[in-house]
Chemist: 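Following this message is one structure expressed as structure tokens.
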Amino acid sequence: MNVIKKRFLVGICLLSITGTVAAKDLNPRNLTQEEENRALVINFYNNFFNKHQVDVATKTLAEDYKQHNPYVQNGRTPAITYFESFFKENPQSSAKIIRSSVDGDIVWLHVHSKVNNHDLGKAVVDIFRVKDGKIVEHWDVIQNVPEHAENSNTMF
């Protein structure tokens, strides 16, 4: 490839990158809204998963709530039904939020979830999308906490 073509391609790449950065600057973050989203999710999570107040889901989850966990159906009502049953079977279950993060309409929680006080639990990353003051979508990544680890790092 000759030098002129290489310079042209490099120039196009630089323009593309510059355009992307400029477009990001046109839509500045709304930190107040982001913190409201984080507070909404944390309040929901603590009341629902720790206090087992399932009625909070009717106020916080959108009716057409989209669920990416393959074991729970889409919709607010199926989510409530699923967890009502789980809470009855596991009345001591808890989900301690270790850390949280937010970017725009996405809120991440890093959680230590346990079914009872004797359970080693699971390390969970819950990801929520918030729109108009409601949780509209959810993803999760779940990993068992092992009895013995191959390193001295914790999962939390």
Side-chain angles (χ1 to χ4, degrees), residues 16-17 19-156:
S16 174
I17 291 167
T20 301
V21 171
K24 180 77 171 165
D25 291 340
L26 293 176
N27 297 316
R29 292 177 67 181
N30 182 339
L31 299 179
T32 301
Q33 183 62 57
E34 288 183 15
E35 288 307 318
E36 288 175 9
N37 291 345
R38 185 198 316 247
L40 174 85
V41 169
I42 288 173
N43 287 334
F44 163 75
Y45 210 90
N46 282 326
N47 287 313
F48 192 73
F49 290 105
N50 290 314
K51 296 178 182 177
H52 303 173
Q53 296 174 346
V54 294
D55 62 315
V56 73
T58 60
K59 300 171 192 161
T60 311
L61 300 180
E63 190 173 337
D64 61 347
Y65 171 70
K66 188 172 183 180
Q67 177 61 260
H68 294 277
N69 180 312
Y71 302 107
V72 183
Q73 294 180 9
N74 283 327
R76 177 175 55 210
T77 301
I80 292 170
T81 301
Y82 177 89
F83 282 104
E84 278 178 328
S85 175
F86 177 83
F87 296 148
K88 284 179 185 172
E89 292 174 22
N90 303 284
Q92 294 180 339
S93 68
S94 64
K96 181 180 179 185
I97 298 171
I98 306 300
R99 59 187 52 86
S100 64
S101 184
V102 63
D103 185 12
D105 61 351
I106 303 293
V107 178
W108 294 267
L109 301 179
H110 183 202
V111 175
H112 187 187
S113 177
K114 298 169 71 171
V115 294
N116 59 49
N117 294 335
H118 305 292
D119 181 25
L120 292 173
K122 298 180 185 308
V124 180
V125 174
D126 274 306
I127 306 166
F128 298 91
R129 187 169 66 86
V130 178
K131 181 178 179 185
D132 300 328
K134 299 277 187 184
I135 296 173
V136 296
E137 198 163 3
H138 170 259
W139 300 260
D140 55 23
V141 181
I142 303 171
Q143 185 177 20
N144 290 329
V145 175
E147 191 170 327
H148 301 287
E150 295 296 323
N151 59 58
S152 60
N153 305 321
T154 72
M155 296 177 77
F156 307 100

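Values reported hereafter were calculated over all heavy atoms of this structure, with side chains retained and with hydrogens, waters and symmetry mates removed.
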Chemist: So which atom in Ala95 and which in Asn50 form the shortest heavy-atom distance, rounded to 0.1 Å?
Modeler: N-OD1, 2.7 Å
Chemist: What are the two closest non-hydrogen atoms of Phe128 and Leu109, and how far apart are they?
Modeler: CE1-CD1, 3.9 Å
Chemist: Would a 4.5 Å heavy-atom cut-off, applied to side chains only, mark Arg29 and Asp103 as touching?
Modeler: yes
Chemist: Would you say His52's side chain and Gln92's backbone share a donor-acceptor pair under 3.5 angstrom?
Modeler: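 No.
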Chemist: Once you round to the nearest 0.5 Å, how far does NZ of Lys59 lie from CD of Gln53?
Modeler: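 These two atoms lie 8.0 Å from each other.
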Chemist: If I take atom CG from residue Asp140 and atom CD from residue Gln67, how far apart are they, to the nearest 0.5 angstrom?
Modeler: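 With rounding to 0.5 Å, CG (Asp140) is 6.5 Å from CD (Gln67).
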Chemist: So among Glu36, Glu35, Glu34, which one has a side chain to side chain donor-acceptor pair (under 3.5 Å) with Arg38?
Modeler: Glu35
Chemist: So which atom in Ser113 and which in Asp119 form the shortest heavy-atom distance, rounded to 0.1 Å?
Modeler: O-OD2, 4.4 Å
Chemist: Taking the six-membered ring for Trp and the full ring for Phe, Tyr or His, determine whether the centres of Phe87 and Phe48 are under 6.0 Å apart.
Modeler: yes
Chemist: Of all heavy-atom pairs between Leu61 and Ala79, which one has the smallest distance, and what is that distance?
Modeler: CD1-CB, 4.3 Å
Chemist: CZ/Arg99 to CH2/Trp108 distance, rounded to the nearest 0.5 angstrom?
Modeler: 14.5 Å
Chemist: Can you tell me how far apart NE2 (His110) and CG (Asp126) are? Round to the nearest 0.5 Å.
Modeler: 10.5 Å
Chemist: Determine whether Val111 and Phe49 satisfy the following criterion, side chain to side chain contact (heavy atoms under 4.5 Å, CB included), listing intermediate values before the conclusion.
Modeler: CA-CA 11 Å; Val111 175; Phe49 290 105; over 6 Å; no
Chemist: From Asn37 CG over to Thr32 OG1, what is the distance, rounded to the nearest 0.5 angstrom?
Modeler: 11.0 Å
Chemist: Just verifying a value: how many Å separate Arg129 CZ and Lys66 NZ, rounded to the nearest 0.5 Å?
Modeler: 8.0 Å
Chemist: Is there a donor-acceptor pair closer than 3.5 Å between any side-chain N or O of Arg76 and the backbone N or O of Thr58?
Modeler: yes
Chemist: I want to check something: taking the side chain as every heavy atom from C-beta on, are Gln73 and Tyr82 in contact at a cut-off of under 4.5 Å?
Modeler: no
Chemist: With a 3.5 Å cut-off and sequence neighbours excluded, list the donor-acceptor pairs that the side chains of residues 142-156 form with protein atoms.
Modeler:
from	atom 1	to	atom 2	distance (Å)
Asn144	OD1	Lys122	NZ	2.4
Asn151	OD1	Asn153	N	2.9
Thr154	OG1	Phe156	N	3.1

